[in-house]
Amino acid sequence: MDTRANTYPGNYPGNQPGPGHHPERECKEKDTQTGKAIDTARLTYCTNLQTAKGDQASSEKAYDRSVMIYHKKKKLFEWTEHNYRLYRDFDICVDNELTAVTTSLTANVKAISGLSGDLFTNLKSVVTKIADLKTKIGALGDAAYNLDKYKNDQANATQWCLLTGKNVDNCRPEHEHHHHRPEHCHDADQIYHELIHLTKKVLIADVNSLVQSAADTAGIQTFTNIDTLTTQQTAFTTAATALVTQIQTTVTTRRKDLDGVQADLSAAVQACTSAGVDKYTKTSIAHAAHCTVQFLCCPDCECVRIEPCDSHEPRLIDCECRICDIGEKIRSTYRGEGDPDPDCGCHGKEPRR
């Protein structure tokens with residue numbers, strides 16, 4: 001309805017007089033008793049029309065306000081929902097990953113710390129055993145030194161010749177042996193040579209390298225200090241737990257905020273819908289009041305039969321049928337369950353014009 005229309009008559013589109021309206025008959029009976037009664041009723045409806053117009057304008061403004069509030073509530077809900085989804089997704093991904101990582105790292109650091117302790121124990125055992133080996137290699141070196149000294153002593157040349165078959169006497173040339181020597185003793189001289197020189201030149205140097213390497217390895221393992229990982233893992237777990245707790249707390253808060261703005265949005269939707277229905281109702285009432293006042297300005301029922309003055313036929317039968325027909329349509333439209341088909345008895349009768 002055009003709310004700018006606030007004058008009468010003909011200010012509502014579609015409410016101008018249509019076919020059957022006779023301007024030449026306007027207000028001919030306004031001085032009669034019937035005309036005065038109609039005029040009194042028209043004044044009452046004029047007052048009602050002004051009230052209805054005010055109600056209509058008020059309902060339109062209320063509807064516009066409710067629509068504006070609805071759009072603002074909708075934007076606030078969308079923003080709050082987006083913010084909540086960010087924290088929710090962060091909680092689903094990061095929080096769960098952090099929880100899994102801290103659990104796995106704690107177990108792994110504990111296992112690595114245990115392995116480190118076992119390694120340190122084994123290294124200390126190796127260092128001790130290598131030190132014992134060095135002592136034994138030293139004793140073997142002394143034996144090799146004594147054996148070499150014994151070999152080079154001319155007083156033992158005969159014994160050495162018997163042991164190895166080699167003559168080391170500086171005064172006697174090498175001579176052939178006429179007695180048979182066991183097969184295993186053929187390389188005795190080479191075996192004694194390797195025992196002396198391998199011990200003095202190789203084993204002692206190697207065992208010194210082993211001692212130094214074992215000591216360096218144990219030192220490296222000591223300075224590695226795997227146990228510091230336990231402290232760092234504890235600090236990491238504490239920080240991760242604090243972050244997860246903060247995120248989850250924020251998610252809970254944002255969920256409450258989302259529930260609140262969702263409730264506000266639902267209320268705004270209901271208020272907007274109610275305002276729309278109220279606007280439609282007030283517009284319909286104002287329209288009906290306008291049509292009523294327009295008709296009562298100078299009513300022309302059109303159904304009244306205009307007969308010659310000497311006619312004695314009923315004049316309002318068509319009005320009765322038309323009213324009955326309106327009633328039938330209303331009862332047919334809003335009929336209740338089990339209601340019979342309405343029939344006013346005017347079917348088949350053509351109203352007279």
Side-chain angles (χ1 to χ4, degrees), residues 86-153 160 163-164 184-185 187-253:
L86 291 177
Y87 280 97
R88 181 202 61 191
D89 296 344
F90 194 57
D91 177 48
I92 292 174
C93 297
V94 177
D95 287 6
N96 291 318
E97 289 178 359
L98 277 177
T99 301
V101 165
T102 53
T103 301
S104 299
L105 286 180
T106 300
N108 292 337
V109 168
K110 183 178 179 180
I112 292 173
S113 179
L115 293 174
S116 176
D118 295 340
L119 177 60
F120 181 71
T121 301
N122 293 334
L123 287 175
K124 288 195 338 183
S125 176
V126 169
V127 170
T128 301
K129 292 178 180 180
I130 290 177
D132 182 60
L133 176 62
K134 181 178 181 180
T135 301
K136 293 179 180 179
I137 292 296
L140 183 60
D142 292 341
Y145 174 79
N146 291 332
L147 182 60
D148 189 40
K149 182 180 178 182
Y150 174 83
K151 170 189 174 184
N152 295 328
D153 189 351
W160 187 259
L163 289 172
T164 63
H184 296 293
C185 296
D187 298 328
D189 179 62
Q190 182 64 30
I191 293 173
Y192 280 118
H193 177 78
E194 290 182 358
L195 285 175
I196 293 170
H197 292 282
L198 182 64
T199 302
K200 292 171 62 177
K201 295 182 178 180
V202 179
L203 294 181
I204 292 177
D206 286 350
V207 78
N208 288 333
S209 296
L210 285 175
V211 171
Q212 185 63 39
S213 299
D216 290 344
T217 303
I220 292 172
Q221 199 281 333
T222 300
F223 284 106
T224 301
N225 196 11
I226 299 298
D227 290 339
T228 57
L229 290 177
T230 303
T231 303
Q232 294 175 358
Q233 174 60 33
T234 302
F236 176 76
T237 301
T238 301
T241 302
L243 177 60
V244 170
T245 301
Q246 181 180 0
I247 294 174
Q248 290 179 347
T249 301
T250 305
V251 170
T252 301
T253 302

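Quick note: numbers below take in every heavy atom, side chains included, and nothing from hydrogens, waters or symmetry partners. Quick caveat, the model's predicted, so the values are computed rather than measured.
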*Is the shortest heavy-atom distance from the side chain of L229 to the side chain of Q232 under 4.5 Å?*
yes
Rounding to 0.5 Å, atoms CZ (R88) and SG (C93) come to a distance of 10.0 Å
In terms of heavy-atom contacts, T99 and T103 come closest through O-OG1, 2.9 Å
Nearest heavy-atom contact between V211 and K134 is CG2-CD, 3.9 Å
One should read off an interatomic distance between T237 OG1 and L105 CG, to the nearest 0.5 angstrom, of 7.5 Å
Please check if any side-chain donor atom of N208 sits under 3.5 Å from a side-chain acceptor atom of Q212, or the reverse. no
Non-hydrogen side-chain atoms of D91 and Q248 separated by less than 4.5 Å: yes
Between the CG atom in D89 and the CG atom in D95, the distance rounded to the nearest 0.5 Å is 11.5 Å
**Asked** Hey, are the side chains of T241 and T102 touching, using non-hydrogen atoms and a 4.5 Å cut-off?
**Response** no
- Query: Within the distance-only criterion (no hydrogens, no angle test), does the side chain of S113 pair as donor or acceptor with the backbone N or O of V109 below 3.5 angstrom?
  - Reply: no
The single option from L243, T250, V244 that satisfies side chain to side chain contact (heavy atoms under 4.5 Å, CB included) with I247 is L243
* To do: For the pair S116 (side chain) and I112 (backbone), establish whether a donor and an acceptor sit closer than 3.5 Å, ignoring hydrogens and angles.
  => no
For V127 and A218 the tightest heavy-atom approach is CG2-CB, 4.4 Å
The reported gap from CG in L119 to NZ in K124 (rounded to nearest 0.5 angstrom) is 12.0 Å
On a heavy-atom basis, the closest approach of A214 and I130 is CB-CD1, 3.6 Å
Any sub-3.5 Å donor-acceptor pair from S125's side-chain atoms to T121's backbone N or O?
no
Worksheet item: Checking N96 side chain against I92 main chain: does a donor-acceptor pair fall under 3.5 Å?
Response: yes
Here the gap from L140 atom CG to L133 atom CG, rounded to the nearest 0.5 Å, amounts to 10.0 Å
Distance col, row N122:CG vs L115:CG, nearest 0.5 angstrom, shows 10.5 Å
Between L98 and F236 the two heavy atoms that sit nearest each other are CD2-CZ, 4.2 Å
Inset, instruction - Carefully, step by step, assess T128 and D132 under the rule side-chain contact (heavy atoms from CB on, under 4.5 Å). - result: CA-CA 6 Å; T128 301; D132 182 60; 5.8 Å; no
